[in-house]
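This report refers to the structure that appears directly beneath it.
Residues: numbered from 1 along the sequence shown.
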Amino acid sequence: THYRELASALSGVPGFLGQILAVKEEEPSYLAISRYADLAAAERGLVTVAAHPLREKLAVSDGSLADVARYAIRSASPGSGVFEGRPGGFLSLTIRNAEPGRADELADDLDIIFGELSVIPGFVGHTVGFHESLPEQACALAAWTRRESFARSLPEGRIHDVELYRRVV
């Protein structure tokens with residue numbers, strides 16, 4: 001219910017394109033991703049969230065919003081199934097950091113990885129964004145129809161954390 005109330009408030013923000021809510025099933029925590037037309041719209045959305053009465057329920061103990069980060073989309077699969085997916089599907093998320101000055105190489109590596117993952121049945125699409133303040137930090141999201149498809153995507157002996165969320169909205 002909190003999510004729907006906040007989504008309703010954001011729907012009036014010029015440039016707001018939609019929102020995803022997903023839950024990590026192993027340890028109940030939520031992932032909310034808002035999509036905006038541009039960074040100015042994202043800023044307006046953040047101001048709306050900060051001023052909303054639900055802010056206290058969304059905040060962590062120090063009063064700040066939990067894990068608010070802004071990533072500008074750098075690449076996405078055609079149709080970017082991440083945002084067009086349906087409830088009941090899955091999202092995988094990984095945060096990757098490039099060496100200073102090597103963000104382009106990381107972006108190329110992620111494009112290659114997602115190109116390889118695209119042949120797995122159940123892979124819907126991906127989106128890669130780079131952090132507004134930390135240009136070498138990428139957030140990579142992939143959408144999946146089934147948990148098993150995601151599990152097939154993981155290499156043995158992986159060195160990067162990849163978290164799986166079940167899409168609620």
Side-chain angles (χ1 to χ4, degrees), residues 1-98 103-104 106-107 110-111 114 117-118 123-145 150 161-169:
T1 57
H2 296 317
Y3 168 81
R4 293 190 197 291
E5 188 176 332
L6 189 58
S8 176
L10 286 171
S11 68
V13 173
F16 175 73
L17 301 175
Q19 195 169 42
I20 296 170
L21 179 67
V23 63
K24 186 191 268 186
E25 295 174 329
E26 302 82 47
E27 52 181 80
S29 64
Y30 289 89
L31 172 68
I33 302 170
S34 299
R35 185 176 180 198
Y36 297 93
D38 53 39
L39 288 175
E43 188 64 36
R44 289 189 297 270
L46 189 56
V47 168
T48 299
V49 170
H52 197 279
L54 283 175
R55 182 191 192 311
E56 290 182 24
K57 289 185 170 67
L58 301 171
V60 292
S61 60
D62 66 359
S64 65
L65 293 174
D67 297 328
V68 172
R70 293 183 292 214
Y71 293 86
I73 293 176
R74 174 110 170 223
S75 67
S77 53
S80 185
V82 169
F83 293 101
E84 284 76 29
R86 291 186 166 74
F90 294 87
L91 291 174
S92 59
L93 175 141
T94 186
I95 304 293
R96 302 273 299 273
N97 292 294
D104 288 338
L106 176 57
L110 290 170
D111 284 342
F114 284 116
L117 295 180
S118 69
F123 177 80
V124 177
H126 80 281
T127 298
V128 174
F130 278 79
H131 195 283
E132 179 184 350
S133 303
L134 305 169
E136 278 84 22
Q137 186 179 84
C139 173
L141 293 165
W144 306 91
T145 57
F150 161 74
D161 288 334
V162 183
E163 298 176 334
L164 183 66
Y165 293 82
R166 181 179 47 81
R167 188 169 173 161
V168 178
V169 176

Heavy-atom pair with the smallest gap, counting every atom of Ala142 and Phe114: CB-CE2, 3.7 Å
For residues 89-96, dump all side-chain donor-acceptor pairs below 3.5 Å to protein atoms at least two apart in sequence or in another chain.
unit_1: Ser92; atom_1: OG; unit_2: Trp144; atom_2: NE1; d: 3.0
unit_1: Thr94; atom_1: OG1; unit_2: Asp161; atom_2: O; d: 2.7
unit_1: Arg96; atom_1: NE; unit_2: His160; atom_2: ND1; d: 3.3
unit_1: Arg96; atom_1: NE; unit_2: His160; atom_2: NE2; d: 3.2
unit_1: Arg96; atom_1: NH2; unit_2: His160; atom_2: NE2; d: 3.3

How long is the span from the CD atom in Glu163 to the CG atom in Leu141, to the nearest 0.5 Å? 11.0 Å
Which residues pass the ring pair (Phe, Tyr, Trp, His ring centres under 6.0 Å) test with Tyr165, not counting sequence neighbours? none
Do Asp111 and His126 pass the side-chain contact (heavy atoms from CB on, under 4.5 Å) test, and can you show the C-alpha distance, the side-chain angles, and the key distance before you say yes or no? CA-CA 9 Å; Asp111 284 342; His126 80 281; 4.1 Å; yes
Over all atoms of both residues, closest heavy-atom pair of Val128 and Ala138: CG1-CB, 4.3 Å
Validation: residues 7-19 side-chain donor-acceptor distances under 3.5 Å, sequence neighbours left out:
unit_1: Ser11; atom_1: OG; unit_2: Ser8; atom_2: O; d: 2.6
unit_1: Gln19; atom_1: NE2; unit_2: Ser34; atom_2: OG; d: 2.8

Kindly determine whether Glu136 and Asn97 satisfy side chain to side chain donor-acceptor pair (under 3.5 Å), including the steps that lead there. CA-CA 6 Å; Glu136 278 84 22; Asn97 292 294; over 6 Å; no
Would you name the heavy atoms of Phe123 and Ser118 that are closest together and state the gap between them? CD2-CA, 3.4 Å
Would you check if Phe130 and Pro135 make a side-chain contact, meaning some heavy-atom pair closer than 4.5 Å? no
Point-to-point distance, once rounded to the nearest 0.5 Å, from CG of Leu134 to SG of Cys139: 12.5 Å
